[in-house]
Protein chains: 2
Amino acid sequence: MDKCTPESLLEGRNIKITRQRQIVLGAIIGTGKPFSASDLHDSLGSEMDLATIYRNLEMLCGEGIIRQVMNEKERQYYELACKHNPEHPHFYCNICGKIYCMKQDKPMRLKSRLPGDFTVEQTVLQYRGICPDCGKE
Amino acid sequence: MDKCTPESLLEGRNIKITRQRQIVLGAIIGTGKPFSASDLHDSLGSEMDLATIYRNLEMLCGEGIIRQVMNEKERQYYELACKHNPEHPHFYCNICGKIYCMKQDKPMRLKSRLPGDFTVEQTVLQYRGICPDCGKE
DNA sequence: GCCTAAATGCAAGTTGTTTGCAATTAAAAA
DNA sequence: TTTTTAATTGCAAACAACTTGCATTTAGGC
């Protein structure tokens, strides 16, 4: 099972491999968890322009290399969308705002059809509540 | 089965019944569908201050009179949370951005527990794709 | 009718995200 | 390898949704 690298994710796609794309993808692959634009910006030591990060996130999302996992009022979260990371539910902590990935046994239903000619491209399941850390005290 | 009125929704709650609260709640009851702050603002002919609308939506949400149904990047959507309108999934059209309510036979699981001491307060199920209107052409 | 705490309107502020544009750069062509 | 050129970047300014501070108004108890 091949590991993801910035280059393997971009190859065969007519996308220029720039230094900043390698850095951004490296950071995305490095963290196993959902991330926001400003998470990336912070983890890269604020050295890369936020506009570049936003532009690349949009591009990667359009290419299906990453996917949006949660739209919080204050921020958009993404995660890597490669085959090692199939779609799954997420948990949002109402107190600390952290997002957790929830494993599930059965794959989520996708691209199904609902009554009345709705074409479903994505089924989103999320839980909201109190995470173990915040529930402790 | 009693109908909702602005007054019935607010009664017994130590909340001042102001003119603008009656108007806002009237509009919310009037439309059967999910709405955003600016939907309300528009439907009221832009006569009520947006700050007032935002403050009242927050208050109504805290009181459990309305609930958030979807956080889109650009807007928060709410719906009436009275007993005539139990929780249910929603469909978001990726093309036109419209939100549809999806009826379902079994009530959604709520306030359940997941492994590892996650306390679930809300289970959100949503579909994203192409709505009947946008699928037509 | 009077009084007070709470709600409103207005204007200014915040925050996440987007856009215009000149300078840089990857990579195709020569 | 050098040249060429179209795409990408960084910067600064713009946007849009939402929030906040504050003086004025108002609901509702007295």
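Just so we're on the same page: letters track the sequence lines, and every chain starts at 1. Just so it is clear, the structure is predicted and the values come from calculations on it, not from any experiment.
C:dA7 atom P lies 14 Å from atom CG of B:L25, rounded to whole Å. Taking atom CD of residue A:E63 and atom P of nucleotide D:dA7, one finds them 14 Å apart after rounding to whole Å. Rounding to whole angstrom units, CZ of residue A:R13 and P of C:dA27 are separated by 16 Å. Per the geometry, CD1 belonging to B:I53 stands 14 Å off C1' belonging to C:dC10, to the nearest Å. Taking atom OH of A:Y77 as the reference point, atom P of C:dG16 lies 9 Å away to the nearest angstrom. Between B:F35 atom CZ and D:dC18 atom P the separation is 12 Å, expressed in whole Å. One atom, CG of B:D42, and another, P of D:dA16, lie 14 Å apart when rounded to the nearest Å. Put simply, CG on A:N71 is 15 Å from P on D:dA17, counting in whole angstrom units.
No more than 12 heavy atoms of other residues, nucleotides or ligands shown are found within 6.0 angstrom of CZ on B:R19. Annotation: B:E58, atom CD; neighbour count of heavy atoms from other residues, nucleotides and ligands within 6.0 Å does not exceed 12.
When the side-chain nitrogen and oxygen atoms of B:Y54 are compared with OP1 and OP2 of D:dT19, none of them lie within a distance under 4.0 Å. The side chain of A:N14 contributes no N or O atom lying less than 4.0 Å from OP1 or OP2 of C:dA27.
Along DNA chain D, the nucleotide nearest B:T18 and the nucleotide nearest B:R75 are compared for position; the residue whose nucleotide lies closer to the 5' end is B:R75. Closest-nucleotide positions on DNA chain C for B:K73 and B:R19 were compared, and the one nearer the 5' end corresponds to B:R19. Two residues, A:Q20 and B:E74, neighbour DNA chain D, and the one matched to the more 5' nucleotide by heavy-atom proximity is A:Q20. Checking A:Q76 against B:I15, the closest nucleotide of DNA chain C that is more toward the 5' end is the one next to B:I15.
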Subject >> Working for salt bridge (charged side-chain N to carboxylate O under 4.0 Å, His left out), residues A:R67 and A:E79 >> reply: CA-CA 6 Å; A:R67 72 173 85 90; A:E79 70 185 3; 2.6 Å; yes
Original post:
Could you go step by step and tell me if B:F118 and A:Y100 meet the ring pair (Phe, Tyr, Trp, His ring centres under 6.0 Å) rule?
Top reply: CA-CA 10 Å; B:F118 288 90; A:Y100 296 80; 4.9 Å; yes
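Set against D:dC18, D:dT9, C:dT17, the side chain of A:A37 has C:dT17 as its closest nucleotide. Residue A:K16 has its side chain nearest to D:dA7 when only C:dT17, C:dA7, D:dA7 are considered. The listed nucleotides are D:dC11, C:dG9, C:dT8; the one nearest the side chain of A:D49 is D:dC11.
At a threshold of 4.0 angstrom between heavy atoms, the contacts of B:I17 are confined to the sugar-phosphate backbone, with no base atom among them. At a threshold of 4.0 angstrom between heavy atoms, the contacts of B:R55 include nucleobase atoms, whether or not backbone atoms are also involved.
Taking 4.0 Å as the cut-off between side-chain N and carboxylate O, A:K98 and A:D133 count as a salt-bridged pair.
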